[in-house]
Amino acid sequence: MTTDTRMEIPPQPGRLRACLAAAHARADGVPQWAWLAALAVPLTAVPSGVWRIASWFLDESTHDERGSLPAWLPGWSYMLLLSLVSELFAFTAVGLVTRWGEVFPRWVPFLRGRTVPTMAAVVPAAIGAVLVTVLWTGAFVAEAAGVTITGEPLSEDYPTRQGPWQAAALYVSYAPLLLWGPLLGAVTWAYWRRRR
């Protein structure tokens with residue numbers, strides 16, 4: 001009769017928390033203002049995502065609208081996917097102030113442990129900062145002019161035309177997006193300055 005002498009190692013409490021803390025630890029030399037700005041970038045996209053998803057679920061008149069979506073794709077999935085993708089793009093700003101923005105993480109094949117080339121992070125981040133700034137500034141200017149960003153007149157069911165509460169909810173939800181580009185630009189500049 002043989003006995004199994006192997007002992008099971010109990011899972012370490014807080015291991016995931018420790019991994020997340022290590023992955024998101026502030027990189028050396030990151031100024032406090034850049035750290036706070038980078039953490040604020042993902043927060044700028046949260047209100048619009050919540051508004052987008054909530055408006056679809058709360059306004060039943062939009063459930064049958066398909067737009068240019070494929071027939072097999074539910075309308076709510078577009079709102080959810082758009083919100084998640086926006087949040088993921090916004091979250092990349094955190095990489096500019098953490099270690100994973102300077103050294104490729106272990107899960108990246110072929111590159112794990114190697115130093116991230118400075119310009120490989122700065123160029124996309126700078127382009128993103130400019131594009132997001134132009135997009136959301138243009139959207140707000142167009143909306144103030146009574147047209148969509150493509151130049152078409154706003155529809156009668158547009159939130160700002162439905163009443164003051166709907167307009168206030170729209171502005172409160174989307175106004176933080178005006179900060180996304182400038183905050184990302186400032187964090188990108190701090191990253192470039194620190195790494196050059």
Side-chain angles (χ1 to χ4, degrees), residues 19-53 67-68 77-145 147-152 154 170-196:
C19 288
L20 287 173
H24 295 96
R26 186 190 307 194
D28 296 334
V30 173
Q32 181 69 14
W33 69 264
W35 174 255
L36 294 174
L39 295 180
V41 171
L43 296 177
T44 63
V46 170
S48 62
V50 169
W51 182 85
R52 209 177 292 120
I53 294 167
S68 58
S77 65
Y78 170 74
M79 297 298 181
L80 183 63
L81 186 64
L82 180 61
S83 299
L84 288 175
V85 168
S86 297
E87 196 58 44
L88 286 174
F89 275 122
F91 186 74
T92 59
V94 175
L96 298 173
V97 294
T98 57
R99 289 287 300 151
W100 57 270
E102 296 180 359
V103 177
F104 286 104
R106 291 185 315 190
W107 55 267
V108 178
F110 308 113
L111 297 174
R112 67 186 69 166
R114 294 186 183 180
T115 302
V116 175
T118 303
M119 297 314 282
V122 169
V123 170
I127 291 170
V130 169
L131 289 177
V132 170
T133 301
V134 169
L135 171 70
W136 291 115
T137 303
F140 271 83
V141 168
E143 197 276 332
V147 295
T148 65
I149 199 164
T150 58
E152 300 165 5
L154 295 176
L170 178 76
Y171 291 136
V172 166
S173 299
Y174 278 85
L177 292 172
L178 291 170
L179 299 174
W180 182 351
L183 286 171
L184 179 58
V187 173
T188 303
W189 177 79
Y191 178 89
W192 173 78
R193 190 167 180 223
R194 189 176 80 252
R195 299 276 323 271
R196 67 187 168 100

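Note that the coordinates shown come from a computational prediction; the quantities given were computed from them, not determined experimentally.
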Indicate the atoms forming the closest heavy-atom contact of [X] with [Y], along with that distance.
| X | Y | answer |
| --- | --- | --- |
| G101 | Y191 | O-OH, 2.6 Å |
| R106 | R112 | O-NE, 3.0 Å |
| A27 | R194 | CB-NH2, 4.1 Å |
| P42 | A38 | CD-O, 3.1 Å |
| W35 | V97 | CE3-CG2, 3.6 Å |
| P47 | P176 | CG-CG, 4.1 Å |

* Structure fact -> side chain to side chain donor-acceptor pair (under 3.5 Å) pairs touching residues 126-145, sequence neighbours excluded, are E143-T160, E143-Y171
* Does the side chain of F104 come within less than 4.5 Å of V116's, by heavy atoms? -> yes
* V132 and L184, any side-chain heavy atoms less than 4.5 Å apart -> no
* Only one of L135, I149, L178 clears side-chain contact (heavy atoms from CB on, under 4.5 Å) with F140; which? -> L178
Rounded to the nearest 0.5 Å, how far apart are [atom1] of [X] and [atom2] of [Y]?
| X | Y | atom1 | atom2 | result |
| --- | --- | --- | --- | --- |
| E102 | T115 | CD | OG1 | 8.5 Å |
| E87 | L43 | CD | CG | 7.5 Å |
| I53 | L84 | CD1 | CG | 6.5 Å |

Pair up each side-chain donor or acceptor in residues 118-127 with any protein partner under 3.5 Å, not counting sequence neighbours, and list the distances.
none

* To do: List the steps, then state whether side-chain contact (heavy atoms from CB on, under 4.5 Å) holds for L96 with T188.
  => CA-CA 7 Å; L96 298 173; T188 303; 3.6 Å; yes
